[in-house]
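See below for the structure under consideration.
What you see below is based on every heavy atom in this structure, not just the backbone, and it leaves out hydrogens, waters and symmetry mates. Residue numbers start from 1 in every chain, and the chains themselves are labelled A, B, ... in the order their sequence lines are given, proteins ahead of strands.
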2 protein chains.
Amino acid sequence: MEPARRPGGRSARVRTAVHEAVLDLLSKEDWGSLSLAQVAERSGVHQATLYRRWRTLGALIDDVVTEQLSRGSPVPDTGTLRGDLEAYAVQVAADVAGPLGPLYVRAAQVGTRVQDDNQLYMMDRAVRLQGMLERAAARGESPPTLLELMEVVIAPLYYHAIFFNRPVGADHARTLVDRLLSLPR
Amino acid sequence: MEPARRPGGRSARVRTAVHEAVLDLLSKEDWGSLSLAQVAERSGVHQATLYRRWRTLGALIDDVVTEQLSRGSPVPDTGTLRGDLEAYAVQVAADVAGPLGPLYVRAAQVGTRVQDDNQLYMMDRAVRLQGMLERAAARGESPPTLLELMEVVIAPLYYHAIFFNRPVGADHARTLVDRLLSLPR
DNA sequence: ACTTTGAAGCGAAATTATTCGCATTAAGGA
DNA sequence: TCCTTAATGCGAATAATTTCGCTTCAAAGT
C-alpha cells in the first residue's frame, strides 16, 4: 500500500496528522469541496509534501479509507449464528451510514492501484465471514452461503445508504437477518 | 432541473453536443481524468459556456446521467409478475454493468441540487414499479412489496457491480427473482 | 556517536482552472 | 418583420493547483 523506505518517526507523525485532518475535514464538509490545500493547512504539513507522498487528493482519500477499513470492524463471535449475523449487520449499517460510509463506496469504484488494495480487503473480510459461517456449521447450525449473506443482508444495507441516504436502523438490520435465516435450504 | 429561459434552438444544440461529448469521453477514459477543457474541445463549445451553464464538471455529469436515466428503461409489462420481474432485473443488471453504470452510483452520492433531481427520479421509478406490482395484484397474483423488490433483487445487482465490478448475468438475475417470489407472505 | 540520505520545509515558478468584460448571435415574443 | 435580450463566443485577467530547486531535519544503519 505505501512502500515508504523510512516509515518511522517523523514520516509516521506526518501521516497521522494528515489522516486526522482528512477525517476531520470530511466530517464537516463533503469530499467534493475538499482540497489538498485545506488538508495542508489543517494538518500543518506542507502542501508540497502532500503532493510528493500522495500525488493526488483521490489517492490520499483512498489511503485514509484503506487505513480505516483495515483497522476496525472485527467479525463478531457471539456463540450463535443469529447473534453473529445480527451484530455484524448492525455494525455494517452503522459504518455505512457514518461520515465515511460514502467513501467506502467511492473507494470501491475508482482507482487503479487502490482497486487492488480494496480487492484484498474484500477478500480478507470475505475469509473472516466465511470463518463465521463455518463456526456455525461446526456447532451444528445450518448457515447460509457467503453469497447469500452478502446479497440478502449486506447489499440492502449499502443500497439504502447510497440511494436513500437513510441510515438503516438496528431493527431493520435484524429484519434482513431474519430473511436470510428463513431462506430455503 | 434546468430552468433555462430560452431552451430552444442553439441552446438545445449546445446541450446535445456537450452531452454527446461527455458520453463519448467517458466511454474512453474514466471520470477521474475528465476535465471541462476536454469536453469543450471535443464538443466545440467554448469553455466559458460550460462554466456558465453547468458551473462544475460534477454538475455537468449529473445532468448527463439524469438525462440518460430519464430517457431509457421503461418498466416492463409482460403479462405475468415473474415475466415483469425477470425482464426488469435483467435490464437493470445490464444498465448497471454498462459504461455509465458507475455514474448512476456516483450521481446518487454527491451533489446538492442534484440530490433532489435524483430523488425525484427515484420517486418516479418507484411509482412505476409500484404500478407493476399493482397490476400483478389486480391479476390475482400476490406480489411482494416494493421494499422487498428493491432489497432482494435490485440491491444485489448494484452491489455486485460496485464491489466486484462483475456483470451479473441474466441467469443470476433470475435467481434473485426466484428468491423474491419465494419469500414468505 | 557518526554518516548517509530519504523525507520534509520553504517559497517561487510554471501550469491549469475559473472568472470577467465585452462583442456577437439568434430565440422568443410583439 | 422587428425588438429585446438570453445565450454564446472570444480573449484576457484572475485565481487556483501542481511542480521545482534548494535547504534543513532526522531515521536507519554502522
Side-chain angles (χ1 to χ4, degrees), chain A residues 1-22 24-26 28-64 66-67 106 110-114, chain B residues 1-22 24-26 28-64 66-67 106 110-114:
Chain A
M1 143 193 143
E2 216 198 334
R5 298 213 226 170
R6 198 176 277 185
R10 180 160 71 160
S11 287
R13 279 195 301 280
V14 164
R15 186 166 190 261
T16 303
V18 169
H19 279 215
E20 274 177 10
V22 168
D24 194 16
L25 291 167
L26 232 35
K28 288 176 181 55
E29 54 202 318
D30 69 303
W31 59 272
S33 57
L34 193 66
S35 70
L36 282 179
Q38 284 178 294
V39 177
E41 188 182 19
R42 170 64 60 110
S43 64
V45 172
H46 198 275
Q47 219 164 316
T49 299
L50 299 181
Y51 280 103
R52 275 193 289 243
R53 271 188 81 164
W54 286 281
R55 203 71 186 152
T56 70
L57 177 62
L60 170 55
I61 292 182
D62 287 333
D63 187 34
V64 173
T66 305
E67 172 71 27
R106 181 181 178 280
V110 290
T112 51
R113 189 179 62 81
V114 183
Chain B
M1 143 191 146
E2 216 198 333
R5 298 215 228 166
R6 199 176 274 184
R10 182 161 69 160
S11 287
R13 278 195 301 279
V14 165
R15 185 165 191 262
T16 302
V18 169
H19 279 214
E20 274 177 11
V22 168
D24 194 17
L25 291 167
L26 233 34
K28 288 176 179 56
E29 53 202 319
D30 67 304
W31 58 270
S33 58
L34 193 66
S35 69
L36 282 179
Q38 285 178 294
V39 177
E41 187 181 19
R42 170 63 60 111
S43 64
V45 172
H46 198 275
Q47 218 165 317
T49 299
L50 300 181
Y51 280 104
R52 275 191 290 243
R53 272 188 78 164
W54 285 280
R55 203 71 184 154
T56 70
L57 177 62
L60 170 56
I61 292 182
D62 287 332
D63 187 35
V64 173
T66 305
E67 174 69 26
R106 180 181 180 282
V110 290
T112 50
R113 189 179 62 80
V114 183

Among [options], which nucleotide has an atom closest to any side-chain atom of [X]?
X	options	answer
B:Arg10	D:dT17, D:dA7, C:dG9	D:dA7
B:His46	D:dC10, C:dA7, C:dG9	D:dC10
A:Tyr51	D:dT19, C:dA17, D:dA7	D:dT19
A:Val14	D:dT17, C:dA8, D:dT8	C:dA8
B:Ala48	C:dC20, C:dG11, C:dA8	C:dC20
B:Leu36	C:dA27, D:dA7, C:dT18	C:dT18
B:Arg52	C:dA27, C:dG21, C:dA8	C:dG21

request  = Between A:Gly44 and B:Gly9, name the one whose nearest nucleotide on DNA chain C is closer to the 5' end.
outcome  = A:Gly44
Is there a side-chain polar atom (N or O) of [X] under 4.0 Å from OP1 or OP2 of [N]?
X	N	result
A:Arg15	C:dA7	no
A:Ser11	C:dA8	yes
B:Arg13	D:dA7	no

When the distance from [atom1] of [X] to [atom2] of [N] is rounded to whole Å, what number comes out?
X	N	atom1	atom2	result
B:Arg55	C:dT19	CZ	C1'	8 Å
B:Glu41	C:dT16	CD	P	13 Å
A:Leu34	D:dA16	CG	P	16 Å
A:Arg53	C:dG6	CZ	C1'	11 Å
A:Trp54	C:dA7	CH2	P	12 Å
B:Leu57	C:dT18	CG	C1'	13 Å
B:Leu50	C:dT18	CG	P	11 Å
B:Gln47	C:dT16	CD	C1'	10 Å

key: Verdict with reasoning, A:Trp54 to A:Val18, per side-chain contact (heavy atoms from CB on, under 4.5 Å)   = CA-CA 11 Å; A:Trp54 286 281; A:Val18 169; 3.9 Å; yes
message = Can you tell whether the side chains of A:Arg15 and A:Asp63 come within less than 4.0 Å, N to carboxylate O?
response = yes
remark   = Shortest non-hydrogen pair, B:Ser11 vs B:Arg53, comes out as O-NH1, 3.1 Å
query = Minimum heavy-atom separation for B:Ala17 to B:Ser43, with atom names?
reply = O-CB, 3.7 Å
ask   = If you round to the nearest 0.5 Å, how far is CG of B:Asp24 from CD of B:Gln38?
value = 11.0 Å
